[in-house]
Amino acid sequence: MALAAPVLFCLNAYGEIQDTKDVVRAILENNFDLKISKMSTKEKGTSVESARGDYDINLSLSATRDHSDTPSSSSLDSTGAASSVKSKTDTYSTTLSKKFFFGTELSLPYTYNVVDSTSTSRRVRKTHEPSLGLTMSHPILETFFPDYLEKGIKSAELDREIAKHKHGEKLVKEVDKGLKLFLDCLQEHVTLKVRTLAHKNAIENLEMVSAKRRVGKASLIDKLDASSDERKKFNSKVSTQTKYNTKRGEFELHAFGEKDQGEIDYDDLTSVLEDLPDISKKNDEAILVDKSMSRKEESKRIEKSIRKNKTAFKNAKVDRLPDFDFDASLTYKGLNHKQGRAHDQVWAAKYASWSIGTSLEYSIMGYAANSSKKLNAYKTVQENLKKAKLAGQTRADLKKNHNLLISGEKKIEALGVVVDADKEKYKLLFLKYKNGKATLYELKKALQSREESELQLLKSKVSFLKDFYQFKKSSGQLLEVFFTK
């Protein structure tokens with residue numbers, strides 16, 4: 001067999017049939033399930049941006065007005081009635097805050113109060129009271145675990161990678177399904193050609209028997225037998241036509257989706273059954289399995305899942321540590337009956353106050369962290385079992401499909417000889433029957449034998465190609481058949 005990738009087809013911009021790369025590209029571009037899967041991958045990508053949102057600079061603004069009218073015990077009149085103390089406070093606040101990747105959280109709060117009060121305890125009725133501060137909070141123990149501090153982003157990134165590998169699995173699955181649908185479609189198309197030729201031969205036999213009947217060289221039974229055979233061949237052709245239309249519709253929907261690909265001439269596609277791939281090269285089984293596992297998207301997805309679970313397990317161990325934080329704050333204030341002077345006091349740092357401290361919080365029982373550790377440990381075991389199962393299944397599939405390819409190659413070679421012999425036999429019997437040296441029964445049996453051997457050869461070639469694609473799929477190289485990396 002010649003070394004060649006099986007030729008499929010697609011349509012170019014002019015509606016012509018192209019090659020294998022184009023049909024696979026059509027599936028990748030037009031298949032509905034792949035479009036849905038691609039959107040799911042993009043959806044996972046947004047979770048990374050969402051996780052990074054924890055480190056955005058946040059701005060908060062607020063404005064409030066407080067008004068009070070209260071009695072004052074220090075201003076009782078002669079009758080014992082208290083006079084009213086009225087006050088009004090307008091507060092404007094602005095705060096900038098940010099969390100950093102190394103765990104520190106900083107905030108810059110600015111507050112501006114305008115107080116207007118009739119209280120006798122105040123020498124100035126209206127005052128301006130601005131303040132500007134800086135606060136910091138830093139986790140001490142978590143500083144030694146940088147991956148823990150970014151666990152939200154790391155987890156989202158792994159989820160995105162897992163989604164990409166799932167999409168890669170979907171690509172291989174849909175291309176594999178499309179190839180099978182195409183081969184089924186092509187098999188029915190060629191079968192229809194064989195059935196059509198058989199019906200044509202049956203018509204020729206009927207005409208020849210009828211001619212012999214008119215000159216008394218064939219019996220009525222022979223004519224009725226030939227007529228019955230012609231009807232059977234016709235019914236078989238019609239049944240195959242229906243099946244072919246169904247397979248063709250399934251394939252074109254899968255490969256082209258909602259795109260109108262126009263009419264396709266399938267007669268030019270029979271070369272796919274002639275240029276069969278070479279399978280003579282065989283690698284060492286252990287090396288082949290290892291390479292296959294390294295290429296398969298499912299294996300890569302499992303590896304990423306294991307990594308995610310192990311990371312979550314480590315983070316759960318850090319969760320059991322106490323929350324030991326360092327806190328510090330610095331505030332500059334101003335106070336004056338004039339707005340400008342009050343703010344000048346802030347900028348000059350005339351009145352400053354600061355504080356530092358630490359805080360410690362610890363979950364004594366640690367139910368949540370312990371539960372997370374167990375959960376991710378179990379998940380890691382499960383993923384490792386899936387990986388071992390996949391390796392075993394890959395080894396079995398490679399061996400099975402390789403054996404099928406070897407036997408299929410031998411079967412195709414043998415059937416090719418049978419088909420050539422049956423064709424030659426039918427030609428000879430046709431001439432003999434025409435000259436009265438063979439019976440109609442012998443001619444019918446020869447026609448039937450030729451038809452069956454041709455269909456068996458066709459089925460064997462289609463099965464060989466399916467086994468070849470399955471072998472490449474098992475080895476993680478299905479797309480490489482069409483697109484060399």
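As a basis for the values below, the full set of heavy atoms in this structure was taken, side chains included, without hydrogen atoms, waters or symmetry mates.
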**OP:** Take atom NZ of Lys35 as the centre, draw a 6.0 Å sphere, and report whether it contains more than 12 heavy atoms from other residues, nucleotides or ligands.
**Re:** yes
Original post:
Any ion pair linking Asp222 and Lys212 (charged N to carboxylate O, less than 4.0 Å)?
Top reply: no
Original post:
Is there side-chain contact between Arg320 and Tyr362, with at least one heavy-atom pair below 4.5 Å?
Top reply: yes
Original post:
In this structure, which one of Lys466, Arg248, Lys243 forms a salt bridge (Lys or Arg N to Asp or Glu O under 4.0 Å) with Asp184?
Top reply: Lys466
Subject >> Interatomic spacing from CG in Leu398 to CG in Leu288 - rounded to 0.5 Å >> reply: 5.0 Å
Subject >> Inter-residue atom distance Leu478.CG - Phe471.CZ, 0.5 Å rounding >> reply: 12.5 Å
Original post:
Hey, does Lys432 have a side-chain heavy atom less than 4.5 Å from the side chain of Leu443?
Top reply: no
Original post:
Got more than 12 heavy atoms from elsewhere within 6.0 Å of OH, Tyr367?
Top reply: no
Subject >> Derivation and outcome, side chain to side chain contact (heavy atoms under 4.5 Å, CB included), residues Phe482 and Leu179 >> reply: CA-CA 12 Å; Phe482 315 104; Leu179 292 173; 3.7 Å; yes
Original post:
Is the number of heavy atoms from other residues, nucleotides or ligands under 6.0 Å of Arg160 CZ greater than 12?
Top reply: yes
Original post:
How far apart are the C-alpha atoms of Lys308 and Asp159, what are their side-chain angles, what is the distance that settles it, and do they pass the side chain to side chain contact (heavy atoms under 4.5 Å, CB included) test?
Top reply: CA-CA 8 Å; Lys308 179 183 176 181; Asp159 284 338; 2.4 Å; yes
Subject >> Neighbour count >12 (heavy atoms, 6.0 Å) for atom NZ, Lys98 >> reply: yes
Original post:
Hey, do the aromatic rings of Tyr244 and His189 have their centres closer than 6.0 Å?
Top reply: yes
Original post:
Sequence neighbours excluded, which residues qualify as salt bridge (charged side-chain N to carboxylate O under 4.0 Å, His left out) partners of Lys151?
Top reply: Asp319
Subject >> Geometric cation-pi criterion, Arg231 with Phe234: 6.0 Å, 45° >> reply: yes
**OP:** Classify the side-chain pair Asp176/Gln470 by whether it contains a donor and acceptor separated by less than 3.5 Å.
**Re:** yes
**OP:** Answer whether the closest heavy-atom distance between the side chains of Phe182 and Leu186 falls below 4.5 Å.
**Re:** yes
Subject >> Pairwise side-chain contact, His138 with Thr143, heavy-atom cut-off 4.5 Å (strictly under) >> reply: yes
**OP:** Quick one: do Leu404 and Lys400 satisfy side chain to side chain contact (heavy atoms under 4.5 Å, CB included)? Show the steps, please.
**Re:** CA-CA 6 Å; Leu404 287 173; Lys400 180 187 73 174; 4.1 Å; yes
**OP:** Taking all heavy atoms of Thr95 and all of Ser107, pick out the closest pair and write down the distance.
**Re:** CG2-CB, 4.4 Å
Original post:
Considering the options Lys193, Lys200, Arg195, which one meets the salt bridge (Lys or Arg N to Asp or Glu O under 4.0 Å) requirement together with Glu451?
Top reply: Arg195
Subject >> Arg295 side chain reached by Gln477 side chain, heavy atoms, under 4.5 Å >> reply: yes
**OP:** Taking atom types as modelled, find out whether Ser449 and Lys425 have a side-chain donor-acceptor pair closer than 3.5 angstrom.
**Re:** no
Original post:
Are side-chain heavy atoms of Leu192 and Lys237 found at a separation under 4.5 Å?
Top reply: yes
**OP:** Show the numbers, then the answer: is there a side chain to side chain contact (heavy atoms under 4.5 Å, CB included) between Leu61 and Leu59?
**Re:** CA-CA 7 Å; Leu61 302 171; Leu59 171 65; 4.2 Å; yes
Subject >> Under 3.5 Å side-chain donor-acceptor pair for Glu298 and His165 >> reply: no
Original post:
Which value, rounded to the nearest 0.5 Å, describes the distance between Asp229 atom CG and His199 atom NE2?
Top reply: 9.5 Å
Subject >> Atom of Ala26, atom of Phe256 and distance for their closest heavy-atom approach >> reply: CB-CE2, 4.1 Å
Subject >> Qualifying residue, where the test is side-chain hydrogen bond (donor to acceptor under 3.5 Å, both in side chains) with Glu452 and the options are Gln456, Gln448, Arg450 >> reply: Gln448
Original post:
Applying the ring pair (Phe, Tyr, Trp, His ring centres under 6.0 Å) test to Tyr55, which of Phe100, Phe101, Phe102 qualifies?
Top reply: Phe101
**OP:** Using a 4.5 Å cut-off on heavy atoms from C-beta on, say whether the side chain of Thr380 contacts that of Phe313.
**Re:** no
Original post:
Just checking, any donor-acceptor pair under 3.5 angstrom between side chains of Ser137 and Asp325?
Top reply: no
Original post:
Would you say Phe326 and Met136 make side-chain contact, with heavy atoms under 4.5 Å?
Top reply: yes
